[in-house]
Amino acid sequence: MSCRRLAARIACATAILISPPLVLTSHAQTLTMRAALSRALAASPRLTAAERDVGIATGQRIQAGALLNPELSYEQDNSFGSGIYRGTRSAETTLQISQAFELFGKRDARIAAGQAGIEVAAIQRKAVRLEVLSETAIAFLSVLGAQRRIQILDEQIVAIDRLTPLLRRRVEAGASSPAETGRAEVASALVKADRERFKATLASARRELAVLMGDAAAKFGEVSGRLDTTGRPPTFQSVVAAIDANPQLVRWTAVFAQRNAELLMARLKPYPDVRIAAGWRHFNETNDDAARLTVSVPIPVFDRNQGNILSAQESLAKTRAEREANRNTLIVIAGRAYDSLQGSLRELAVLRETAIPKATEAADAISQGYGQGRFTLLEVLDAQASVAQARLREQEALQNFHAGVATIEGLVGNPFALAREGAR
(Lines give C-alpha, C1' and ligand atoms only; values in the text may rest on other atoms or scores of the structure.)
Protein backbone atom coordinates (compact mmCIF):
# COMPACT_ATOMS: atom_id res chain seq x y z
CA MET A 1 0.00 0.00 0.00
CA SER A 2 1.43 3.39 -0.98
CA CYS A 3 1.93 6.08 1.64
CA ARG A 4 -0.48 8.37 -0.20
CA ARG A 5 -3.26 5.77 -0.23
CA LEU A 6 -2.62 4.94 3.39
CA ALA A 7 -2.79 8.58 4.39
CA ALA A 8 -6.02 8.94 2.43
CA ARG A 9 -7.55 6.01 4.31
CA ILE A 10 -6.60 7.40 7.67
CA ALA A 11 -7.69 10.91 6.64
CA CYS A 12 -11.25 9.75 6.03
CA ALA A 13 -11.97 9.97 9.75
CA THR A 14 -10.56 13.51 10.00
CA ALA A 15 -12.27 14.65 6.81
CA ILE A 16 -15.62 14.72 8.57
CA LEU A 17 -14.28 17.46 10.83
CA ILE A 18 -13.56 19.83 7.97
CA SER A 19 -16.14 22.07 6.37
CA PRO A 20 -15.70 24.77 3.68
CA PRO A 21 -13.13 27.41 4.67
CA LEU A 22 -14.19 30.57 6.42
CA VAL A 23 -12.45 33.91 6.38
CA LEU A 24 -12.05 34.94 9.99
CA THR A 25 -12.86 38.60 10.38
CA SER A 26 -14.53 38.86 13.76
CA HIS A 27 -14.18 37.47 17.22
CA ALA A 28 -17.53 35.65 17.04
CA GLN A 29 -17.02 33.80 13.79
CA THR A 30 -16.89 30.03 13.73
CA LEU A 31 -13.52 28.39 13.11
CA THR A 32 -13.23 25.30 10.91
CA MET A 33 -10.50 22.69 10.95
CA ARG A 34 -9.27 23.75 7.52
CA ALA A 35 -9.02 27.39 8.52
CA ALA A 36 -7.16 26.47 11.72
CA LEU A 37 -4.64 24.34 9.83
CA SER A 38 -4.09 27.04 7.22
CA ARG A 39 -3.54 29.74 9.84
CA ALA A 40 -1.20 27.54 11.85
CA LEU A 41 0.97 26.91 8.80
CA ALA A 42 1.09 30.61 8.03
CA ALA A 43 1.95 31.64 11.59
CA SER A 44 4.21 28.84 12.85
CA PRO A 45 7.61 30.19 13.99
CA ARG A 46 9.01 26.65 13.86
CA LEU A 47 8.13 26.41 10.18
CA THR A 48 9.68 29.82 9.59
CA ALA A 49 12.84 28.68 11.37
CA ALA A 50 12.91 25.53 9.24
CA GLU A 51 12.65 27.67 6.10
CA ARG A 52 15.60 29.74 7.30
CA ASP A 53 17.55 26.52 7.78
CA VAL A 54 17.01 25.81 4.09
CA GLY A 55 18.35 29.29 3.30
CA ILE A 56 21.35 28.75 5.58
CA ALA A 57 22.13 25.44 3.89
CA THR A 58 21.77 27.07 0.48
CA GLY A 59 24.29 29.73 1.43
CA GLN A 60 26.71 27.05 2.67
CA ARG A 61 26.30 25.17 -0.60
CA ILE A 62 27.11 28.32 -2.59
CA GLN A 63 30.16 28.96 -0.45
CA ALA A 64 31.30 25.35 -0.83
CA GLY A 65 31.52 25.79 -4.59
CA ALA A 66 33.55 29.00 -4.47
CA LEU A 67 37.02 28.86 -6.01
CA LEU A 68 40.05 29.91 -3.98
CA ASN A 69 40.99 33.54 -4.39
CA PRO A 70 44.29 34.43 -6.14
CA GLU A 71 46.96 36.30 -4.16
CA LEU A 72 48.84 39.40 -5.30
CA SER A 73 52.15 40.14 -3.62
CA TYR A 74 54.86 42.81 -3.86
CA GLU A 75 58.44 42.25 -2.66
CA GLN A 76 61.41 44.61 -2.44
CA ASP A 77 64.89 43.25 -1.68
CA ASN A 78 68.36 44.80 -1.23
CA SER A 79 67.18 48.26 -0.17
CA PHE A 80 67.50 50.66 2.75
CA GLY A 81 70.70 49.02 3.93
CA SER A 82 74.26 50.24 4.06
CA GLY A 83 76.98 50.68 1.55
CA ILE A 84 75.88 49.85 -1.97
CA TYR A 85 72.50 48.86 -0.62
CA ARG A 86 71.79 52.29 0.79
CA GLY A 87 68.43 53.61 -0.43
CA THR A 88 66.86 51.79 -3.39
CA ARG A 89 69.70 52.07 -5.94
CA SER A 90 70.42 48.32 -5.76
CA ALA A 91 66.87 47.27 -4.97
CA GLU A 92 65.18 44.29 -6.59
CA THR A 93 61.39 44.58 -6.76
CA THR A 94 59.03 41.74 -7.54
CA LEU A 95 55.33 41.88 -8.38
CA GLN A 96 53.74 38.47 -8.28
CA ILE A 97 50.32 36.81 -8.55
CA SER A 98 49.71 33.29 -7.28
CA GLN A 99 46.84 30.86 -7.39
CA ALA A 100 46.25 27.66 -5.43
CA PHE A 101 44.63 24.76 -7.31
CA GLU A 102 42.67 22.17 -5.38
CA LEU A 103 43.25 18.68 -6.72
CA PHE A 104 41.76 15.21 -6.23
CA GLY A 105 38.11 16.38 -6.25
CA LYS A 106 38.20 18.37 -3.00
CA ARG A 107 35.90 21.06 -4.32
CA ASP A 108 33.46 18.49 -5.68
CA ALA A 109 33.33 16.82 -2.27
CA ARG A 110 32.55 20.15 -0.59
CA ILE A 111 29.81 20.82 -3.10
CA ALA A 112 28.31 17.36 -2.52
CA ALA A 113 28.28 17.94 1.24
CA GLY A 114 26.63 21.33 0.77
CA GLN A 115 23.98 19.94 -1.58
CA ALA A 116 23.19 17.16 0.88
CA GLY A 117 22.85 19.81 3.58
CA ILE A 118 20.16 21.54 1.51
CA GLU A 119 18.28 18.27 1.13
CA VAL A 120 18.48 17.61 4.87
CA ALA A 121 17.07 21.05 5.66
CA ALA A 122 14.33 20.78 3.02
CA ILE A 123 13.19 17.38 4.29
CA GLN A 124 13.31 18.59 7.89
CA ARG A 125 11.01 21.44 6.89
CA LYS A 126 8.48 18.87 5.66
CA ALA A 127 8.75 17.05 8.98
CA VAL A 128 8.11 20.28 10.89
CA ARG A 129 5.10 20.98 8.66
CA LEU A 130 3.60 17.60 9.51
CA GLU A 131 4.18 18.23 13.22
CA VAL A 132 2.45 21.62 13.03
CA LEU A 133 -0.54 20.11 11.21
CA SER A 134 -0.83 17.24 13.68
CA GLU A 135 -0.51 19.44 16.79
CA THR A 136 -3.03 21.96 15.44
CA ALA A 137 -5.54 19.23 14.59
CA ILE A 138 -5.25 17.74 18.08
CA ALA A 139 -5.66 21.19 19.68
CA PHE A 140 -8.72 21.81 17.48
CA LEU A 141 -10.19 18.48 18.56
CA SER A 142 -9.63 19.39 22.22
CA VAL A 143 -11.65 22.58 21.77
CA LEU A 144 -14.38 20.77 19.85
CA GLY A 145 -14.60 18.01 22.45
CA ALA A 146 -14.75 20.46 25.37
CA GLN A 147 -17.51 22.41 23.62
CA ARG A 148 -19.57 19.27 23.16
CA ARG A 149 -19.14 18.14 26.77
CA ILE A 150 -20.31 21.53 28.03
CA GLN A 151 -23.40 21.21 25.80
CA ILE A 152 -24.17 17.80 27.33
CA LEU A 153 -23.92 19.24 30.84
CA ASP A 154 -26.12 22.18 29.86
CA GLU A 155 -28.75 19.71 28.65
CA GLN A 156 -28.48 17.80 31.92
CA ILE A 157 -29.00 21.01 33.92
CA VAL A 158 -32.06 21.85 31.83
CA ALA A 159 -33.45 18.35 32.42
CA ILE A 160 -32.98 18.68 36.20
CA ASP A 161 -34.48 22.17 36.28
CA ARG A 162 -37.43 20.86 34.28
CA LEU A 163 -38.33 18.68 37.27
CA THR A 164 -38.73 21.65 39.59
CA PRO A 165 -42.38 22.52 38.78
CA LEU A 166 -43.42 18.87 39.04
CA LEU A 167 -41.47 18.48 42.27
CA ARG A 168 -43.20 21.50 43.81
CA ARG A 169 -46.62 20.15 42.89
CA ARG A 170 -45.75 16.82 44.48
CA VAL A 171 -44.54 18.56 47.64
CA GLU A 172 -47.71 20.65 47.77
CA ALA A 173 -49.79 17.53 47.32
CA GLY A 174 -47.88 15.81 50.10
CA ALA A 175 -46.55 13.12 47.75
CA SER A 176 -42.93 14.13 48.26
CA SER A 177 -40.82 15.49 51.06
CA PRO A 178 -39.73 19.16 50.92
CA ALA A 179 -36.19 17.88 51.30
CA GLU A 180 -36.36 16.60 47.74
CA THR A 181 -36.40 20.16 46.48
CA GLY A 182 -33.01 20.73 48.08
CA ARG A 183 -31.77 17.43 46.67
CA ALA A 184 -32.69 18.58 43.16
CA GLU A 185 -30.94 21.90 43.73
CA VAL A 186 -27.81 20.09 44.92
CA ALA A 187 -27.84 17.83 41.86
CA SER A 188 -28.16 20.86 39.57
CA ALA A 189 -25.36 22.68 41.41
CA LEU A 190 -23.00 19.70 41.11
CA VAL A 191 -23.57 19.51 37.37
CA LYS A 192 -22.99 23.27 37.12
CA ALA A 193 -19.73 22.80 39.01
CA ASP A 194 -18.68 20.15 36.48
CA ARG A 195 -19.60 22.57 33.72
CA GLU A 196 -17.35 25.26 35.20
CA ARG A 197 -14.48 22.77 35.30
CA PHE A 198 -15.00 21.94 31.62
CA LYS A 199 -15.19 25.66 30.83
CA ALA A 200 -11.72 26.07 32.32
CA THR A 201 -10.52 23.15 30.19
CA LEU A 202 -12.12 24.76 27.15
CA ALA A 203 -10.42 28.09 27.87
CA SER A 204 -7.02 26.41 28.03
CA ALA A 205 -7.68 24.44 24.84
CA ARG A 206 -8.79 27.61 23.03
CA ARG A 207 -5.66 29.44 24.14
CA GLU A 208 -3.43 26.59 22.96
CA LEU A 209 -5.14 26.55 19.57
CA ALA A 210 -4.88 30.35 19.31
CA VAL A 211 -1.14 30.26 20.04
CA LEU A 212 -0.63 27.64 17.35
CA MET A 213 -2.41 29.99 14.94
CA GLY A 214 -0.17 32.91 15.92
CA ASP A 215 -2.45 34.70 18.41
CA ALA A 216 -1.80 35.28 22.09
CA ALA A 217 -5.50 34.87 22.87
CA ALA A 218 -8.43 33.24 21.10
CA LYS A 219 -9.96 35.58 18.51
CA PHE A 220 -12.48 33.08 17.19
CA GLY A 221 -15.91 32.02 18.41
CA GLU A 222 -16.82 28.37 18.53
CA VAL A 223 -15.07 25.75 16.43
CA SER A 224 -17.14 23.82 13.92
CA GLY A 225 -16.88 20.13 13.15
CA ARG A 226 -18.27 16.67 13.79
CA LEU A 227 -16.87 14.01 16.06
CA ASP A 228 -19.72 11.52 15.88
CA THR A 229 -18.57 9.61 12.78
CA THR A 230 -15.59 7.30 12.71
CA GLY A 231 -13.71 5.54 9.93
CA ARG A 232 -12.05 2.17 9.80
CA PRO A 233 -8.28 2.49 10.25
CA PRO A 234 -5.76 0.33 8.35
CA THR A 235 -3.75 -2.36 10.07
CA PHE A 236 -0.91 -1.35 12.35
CA GLN A 237 1.52 -3.15 10.03
CA SER A 238 0.44 -0.79 7.24
CA VAL A 239 1.02 2.18 9.52
CA VAL A 240 4.52 0.94 10.42
CA ALA A 241 5.34 0.37 6.75
CA ALA A 242 4.19 3.91 5.91
CA ILE A 243 6.29 5.44 8.68
CA ASP A 244 9.38 4.81 6.55
CA ALA A 245 8.13 7.62 4.30
CA ASN A 246 8.06 10.06 7.21
CA PRO A 247 10.38 13.01 6.50
CA GLN A 248 12.10 12.45 9.84
CA LEU A 249 13.33 9.11 8.46
CA VAL A 250 13.75 10.15 4.82
CA ARG A 251 16.13 12.89 5.93
CA TRP A 252 18.61 10.27 7.14
CA THR A 253 19.30 9.32 3.52
CA ALA A 254 20.42 12.89 2.91
CA VAL A 255 22.31 12.93 6.21
CA PHE A 256 24.16 9.78 5.14
CA ALA A 257 25.12 11.43 1.84
CA GLN A 258 26.27 14.54 3.69
CA ARG A 259 28.43 12.61 6.15
CA ASN A 260 29.83 10.44 3.37
CA ALA A 261 30.91 13.59 1.55
CA GLU A 262 32.43 14.93 4.77
CA LEU A 263 34.43 11.70 5.14
CA LEU A 264 35.67 12.07 1.59
CA MET A 265 36.70 15.66 2.34
CA ALA A 266 38.62 14.48 5.40
CA ARG A 267 40.41 11.79 3.42
CA LEU A 268 41.31 14.17 0.59
CA LYS A 269 42.62 16.95 2.81
CA PRO A 270 46.14 15.41 3.28
CA TYR A 271 46.64 15.27 -0.47
CA PRO A 272 48.63 18.38 -1.37
CA ASP A 273 47.29 21.21 -3.46
CA VAL A 274 49.49 23.01 -5.93
CA ARG A 275 50.18 26.73 -5.76
CA ILE A 276 51.50 28.36 -8.92
CA ALA A 277 52.87 31.90 -8.94
CA ALA A 278 54.05 34.13 -11.77
CA GLY A 279 55.67 37.52 -11.38
CA TRP A 280 57.85 40.25 -12.74
CA ARG A 281 61.16 41.29 -11.13
CA HIS A 282 63.00 44.56 -11.76
CA PHE A 283 66.68 45.14 -10.93
CA ASN A 284 67.25 48.83 -10.22
CA GLU A 285 71.04 48.56 -10.39
CA THR A 286 71.09 47.36 -14.00
CA ASN A 287 67.61 48.48 -14.94
CA ASP A 288 66.90 44.92 -16.14
CA ASP A 289 63.66 42.94 -15.86
CA ALA A 290 63.05 39.23 -15.45
CA ALA A 291 60.13 36.83 -15.02
CA ARG A 292 59.66 34.85 -11.85
CA LEU A 293 57.83 31.49 -11.71
CA THR A 294 57.10 29.54 -8.53
CA VAL A 295 55.48 26.17 -7.92
CA SER A 296 54.92 25.09 -4.30
CA VAL A 297 53.47 21.88 -2.90
CA PRO A 298 52.99 21.23 0.87
CA ILE A 299 54.46 18.00 2.18
CA PRO A 300 51.96 16.07 4.40
CA VAL A 301 54.50 14.71 6.87
CA PHE A 302 53.27 15.73 10.31
CA ASP A 303 49.56 16.44 9.78
CA ARG A 304 47.79 13.81 7.74
CA ASN A 305 44.33 14.71 9.12
CA GLN A 306 44.03 11.33 10.80
CA GLY A 307 41.90 12.64 13.68
CA ASN A 308 39.34 14.26 11.39
CA ILE A 309 39.22 11.13 9.23
CA LEU A 310 38.46 8.97 12.26
CA SER A 311 35.82 11.44 13.45
CA ALA A 312 34.15 11.46 10.03
CA GLN A 313 34.19 7.65 9.87
CA GLU A 314 32.51 7.37 13.25
CA SER A 315 29.96 10.01 12.33
CA LEU A 316 29.08 8.10 9.16
CA ALA A 317 28.79 4.81 11.05
CA LYS A 318 26.58 6.53 13.62
CA THR A 319 24.02 7.49 10.97
CA ARG A 320 22.41 4.06 10.69
CA ALA A 321 22.00 3.73 14.46
CA GLU A 322 20.51 7.24 14.68
CA ARG A 323 17.98 6.42 11.96
CA GLU A 324 16.95 3.19 13.68
CA ALA A 325 16.57 4.99 17.01
CA ASN A 326 14.45 7.66 15.31
CA ARG A 327 12.33 4.98 13.62
CA ASN A 328 11.79 3.11 16.88
CA THR A 329 10.63 6.33 18.55
CA LEU A 330 8.13 6.98 15.76
CA ILE A 331 6.83 3.41 15.95
CA VAL A 332 6.29 3.75 19.71
CA ILE A 333 4.38 7.02 19.19
CA ALA A 334 2.33 5.46 16.39
CA GLY A 335 1.65 2.40 18.52
CA ARG A 336 0.30 4.47 21.39
CA ALA A 337 -1.92 6.45 19.03
CA TYR A 338 -3.09 3.30 17.26
CA ASP A 339 -3.90 1.51 20.52
CA SER A 340 -5.78 4.58 21.74
CA LEU A 341 -7.65 4.72 18.45
CA GLN A 342 -8.62 1.04 18.55
CA GLY A 343 -9.52 1.22 22.23
CA SER A 344 -11.75 4.21 21.51
CA LEU A 345 -13.55 2.29 18.76
CA ARG A 346 -14.23 -0.62 21.11
CA GLU A 347 -15.37 1.75 23.84
CA LEU A 348 -17.70 3.51 21.39
CA ALA A 349 -19.17 0.18 20.34
CA VAL A 350 -20.07 -0.68 23.95
CA LEU A 351 -21.43 2.78 24.66
CA ARG A 352 -23.52 3.04 21.51
CA GLU A 353 -24.80 -0.52 21.44
CA THR A 354 -25.62 -0.92 25.11
CA ALA A 355 -24.84 1.84 27.59
CA ILE A 356 -26.40 4.90 25.92
CA PRO A 357 -29.57 3.21 24.56
CA LYS A 358 -30.25 1.38 27.84
CA ALA A 359 -29.52 4.44 29.97
CA THR A 360 -31.77 6.61 27.79
CA GLU A 361 -34.54 4.05 27.84
CA ALA A 362 -34.34 3.70 31.61
CA ALA A 363 -34.24 7.46 32.13
CA ASP A 364 -37.34 7.98 29.98
CA ALA A 365 -39.25 5.26 31.79
CA ILE A 366 -38.24 6.52 35.24
CA SER A 367 -39.10 10.12 34.34
CA GLN A 368 -42.57 9.07 33.21
CA GLY A 369 -43.02 6.89 36.28
CA TYR A 370 -41.94 9.72 38.56
CA GLY A 371 -44.88 11.80 37.42
CA GLN A 372 -47.12 8.86 38.34
CA GLY A 373 -45.48 8.46 41.74
CA ARG A 374 -43.82 5.13 40.96
CA PHE A 375 -40.21 6.34 41.34
CA THR A 376 -38.37 8.63 43.71
CA LEU A 377 -36.53 11.80 42.80
CA LEU A 378 -33.23 10.12 43.63
CA GLU A 379 -33.94 7.47 41.00
CA VAL A 380 -34.78 10.13 38.42
CA LEU A 381 -31.59 12.07 39.11
CA ASP A 382 -29.50 8.89 39.04
CA ALA A 383 -30.98 7.87 35.69
CA GLN A 384 -30.34 11.31 34.18
CA ALA A 385 -26.77 11.29 35.50
CA SER A 386 -26.19 7.87 33.92
CA VAL A 387 -27.27 9.17 30.53
CA ALA A 388 -25.08 12.25 30.84
CA GLN A 389 -22.05 10.22 31.94
CA ALA A 390 -22.49 7.78 29.08
CA ARG A 391 -22.70 10.64 26.57
CA LEU A 392 -19.66 12.33 28.11
CA ARG A 393 -17.73 9.06 27.81
CA GLU A 394 -18.82 8.85 24.18
CA GLN A 395 -17.49 12.33 23.45
CA GLU A 396 -14.21 11.55 25.19
CA ALA A 397 -13.81 8.35 23.17
CA LEU A 398 -14.60 10.19 19.93
CA GLN A 399 -12.06 12.89 20.72
CA ASN A 400 -9.42 10.26 21.54
CA PHE A 401 -10.19 8.44 18.30
CA HIS A 402 -9.74 11.52 16.13
CA ALA A 403 -6.66 12.62 18.11
CA GLY A 404 -5.14 9.20 17.39
CA VAL A 405 -5.95 9.65 13.71
CA ALA A 406 -4.29 13.08 13.70
CA THR A 407 -1.19 11.68 15.41
CA ILE A 408 -0.87 8.82 12.92
CA GLU A 409 -1.39 11.16 9.98
CA GLY A 410 1.53 13.17 11.27
CA LEU A 411 3.71 10.04 11.15
CA VAL A 412 2.87 8.35 7.86
CA GLY A 413 4.86 10.76 5.72
CA ASN A 414 2.02 12.69 4.09
CA PRO A 415 0.16 15.77 5.35
CA PHE A 416 -3.59 15.83 5.85
CA ALA A 417 -5.38 15.23 2.55
CA LEU A 418 -7.54 18.38 2.80
CA ALA A 419 -4.82 20.44 4.44
CA ARG A 420 -2.63 20.21 1.36
CA GLU A 421 -4.75 22.92 -0.22
CA GLY A 422 -3.54 25.30 2.45
CA ALA A 423 0.13 24.51 1.93
CA ARG A 424 2.37 27.38 2.89
Side-chain angles (χ1 to χ4, degrees), residues 10-11 13-19 21-22 24 27-44 46 129-155 194-231 233 333-334 336-345 347-348 351 388-389 391-411 415-416 418-419 422:
I10 299 178
T14 301
I16 61 174
L17 298 170
I18 305 176
S19 55
L22 264 166
L24 302 177
H27 177 83
Q29 254 182 330
T30 301
L31 178 69
T32 65
M33 171 76 87
R34 183 182 302 190
L37 295 176
S38 178
R39 289 179 58 182
L41 289 176
S44 173
R46 285 188 297 160
R129 185 178 186 275
L130 281 175
E131 292 175 358
V132 171
L133 287 171
S134 182
E135 291 174 5
T136 304
I138 293 173
F140 184 94
L141 292 168
S142 297
V143 175
L144 187 59
Q147 284 182 180
R148 182 54 184 151
R149 285 193 285 273
I150 290 174
Q151 291 173 4
I152 292 172
L153 293 177
D154 284 338
E155 293 169 3
D194 287 339
R195 181 181 61 182
E196 293 304 315
R197 177 162 51 87
F198 279 117
K199 282 185 177 180
T201 301
L202 175 60
S204 297
R206 285 172 57 85
R207 184 180 298 107
E208 179 179 351
L209 179 59
V211 171
L212 287 170
M213 295 190 301
D215 298 322
K219 298 180 180 179
F220 54 88
E222 292 187 343
V223 301
S224 173
R226 293 182 58 192
L227 290 173
D228 56 343
T229 305
T230 57
I333 296 173
R336 289 173 182 168
Y338 193 85
D339 292 340
S340 174
L341 180 153
Q342 293 285 33
S344 297
L345 286 177
E347 183 179 0
L348 285 169
L351 290 170
Q389 290 303 314
R391 293 174 64 193
L392 289 172
R393 286 283 297 274
E394 180 191 28
Q395 291 303 312
E396 182 181 0
L398 285 168
Q399 181 180 331
N400 291 339
F401 171 82
H402 289 292
V405 170
T407 300
I408 292 175
E409 284 187 338
L411 298 175
F416 301 91
L418 295 178

**Student:** Please report the closest heavy-atom contact between Arg207 and Ala216, naming both atoms and the distance.
**Tutor:**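 Closest approach of Arg207 to Ala216, heavy atoms only: CG-O, 4.1 Å.
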**Student:** Quick one: closest heavy-atom pair of Val223 and Thr30, and the distance?
**Tutor:**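 Minimum heavy-atom separation between Val223 and Thr30: C-CG2, 4.1 Å.
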**Student:** In this structure, which one of Leu144, Thr136, Ile138 forms a side chain to side chain contact (heavy atoms under 4.5 Å, CB included) with Leu209?
**Tutor:** Thr136
**Student:** Please list all pairs meeting salt bridge (charged side-chain N to carboxylate O under 4.0 Å, His left out) that have one or both residues in residues 130-144, counting only residues at least two apart or in different chains.
**Tutor:** Arg46-Glu131, Arg46-Glu135
**Student:** Mind listing the closest non-hydrogen atom pair of Leu141 and Ala403 along with its distance?
**Tutor:**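 Leu141 and Ala403 have their closest heavy atoms at CD1-N, 3.5 Å.
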**Student:** So, using ring-ring contact (aromatic ring centres under 6.0 Å, His included) as the criterion, who are the partners of Tyr338 when residues are at least two apart?
**Tutor:**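 Listed in chain order: Phe236.
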**Student:** Can you measure from NE2 (His402) to CZ (Arg226) and round to the nearest 0.5 angstrom?
**Tutor:**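 The NE2 atom of His402 sits 9.5 Å away from the CZ atom of Arg226.
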**Student:** Any idea which heavy atoms bring Ser134 and Thr407 closest together, and the distance?
**Tutor:**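 For Ser134 versus Thr407, the nearest heavy atoms are OG-CA, 3.7 Å.
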**Student:** Over all heavy atoms of both residues, which pair between Ala406 and Ala137 is shortest? Give the atoms and the distance, please.
**Tutor:** CB-CB, 3.9 Å
**Student:** Could you state the interatomic distance from CZ (Phe140) to CD (Gln399), rounded to the nearest 0.5 Å?
**Tutor:**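 Here the rounded value is 11.5 Å.
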**Student:** Hey, could you give me the CZ/OG distance between Arg34 and Ser224, rounded to the nearest 0.5 Å?
**Tutor:**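 It is 12.0 Å, given to the nearest 0.5 Å.
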**Student:** For Arg195, I'd like to know if atom CZ has over 12 heavy atoms of other residues, nucleotides or ligands within 6.0 Å.
**Tutor:**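 Counting other residues, nucleotides and ligands, CZ of Arg195 exceeds 12 neighbours.
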**Student:** Nearest 0.5 Å, what's the CZ-OG distance between Arg129 and Ser44?
**Tutor:**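 Nearest 0.5 Å value for the CZ-OG distance: 11.0 Å.
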**Student:** Output yes when Asp339 and Arg336 qualify as a salt bridge under the 4.0 Å nitrogen-oxygen rule, no when they do not.
**Tutor:**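 Judged by the 4.0 Å cut-off on N to carboxylate O distance, Asp339 and Arg336 do not form a salt bridge.
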**Student:** Are any of the side-chain heavy atoms of Val211 and Glu208 separated by less than 4.5 Å?
**Tutor:**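 A side-chain contact under 4.5 Å is absent here.
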**Student:** Step by step, would you call Arg39 with Asp215 a side chain to side chain contact (heavy atoms under 4.5 Å, CB included)?
**Tutor:** CA-CA 10 Å; Arg39 289 179 58 182; Asp215 298 322; 2.6 Å; yes
**Student:** Would you check if Ser142 and Leu202 make a side-chain contact, meaning some heavy-atom pair closer than 4.5 Å?
**Tutor:**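 Side chain of Ser142 against side chain of Leu202, heavy atoms only: no contact under 4.5 Å found.
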**Student:** Given Leu345 and Thr230, is the side chain to side chain contact (heavy atoms under 4.5 Å, CB included) satisfied, shown in steps?
**Tutor:** CA-CA 8 Å; Leu345 286 177; Thr230 57; 3.9 Å; yes
**Student:** Check Leu153, Leu351, Ile152 against Arg391 for a side chain to side chain contact (heavy atoms under 4.5 Å, CB included) and give me the one that passes.
**Tutor:** Ile152
**Student:** Under the rule for side-chain hydrogen bond (donor to acceptor under 3.5 Å, both in side chains), what residues qualify as partners of Gln395, not counting sequence neighbours?
**Tutor:** none
**Student:** Hey, are Lys199 and Glu196 close enough for a salt bridge, meaning a charged N less than 4.0 Å from a carboxylate O?
**Tutor:** yes
**Student:** Are any non-hydrogen side-chain atoms of Leu31 and Glu222 less than 4.5 angstrom apart?
**Tutor:**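 The answer is no; the side chains never approach within 4.5 Å.
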**Student:** In the structure I gave you, are the side-chain heavy atoms of Asn400 and Leu341 within less than 4.5 Å of one another anywhere?
**Tutor:** no
**Student:** Can you find a heavy atom in the side chain of Phe220 that is under 4.5 Å from one in the side chain of Arg206?
**Tutor:** yes
**Student:** Would you indicate whether the side-chain heavy atoms of Asp194 and Leu392 approach each other to under 4.5 Å?
**Tutor:**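 Side-chain contact under 4.5 Å: no.
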**Student:** Test salt bridge (Lys or Arg N to Asp or Glu O under 4.0 Å) on Glu396 and Arg149 and set out the steps.
**Tutor:** CA-CA 8 Å; Glu396 182 181 0; Arg149 285 193 285 273; over 6 Å; no
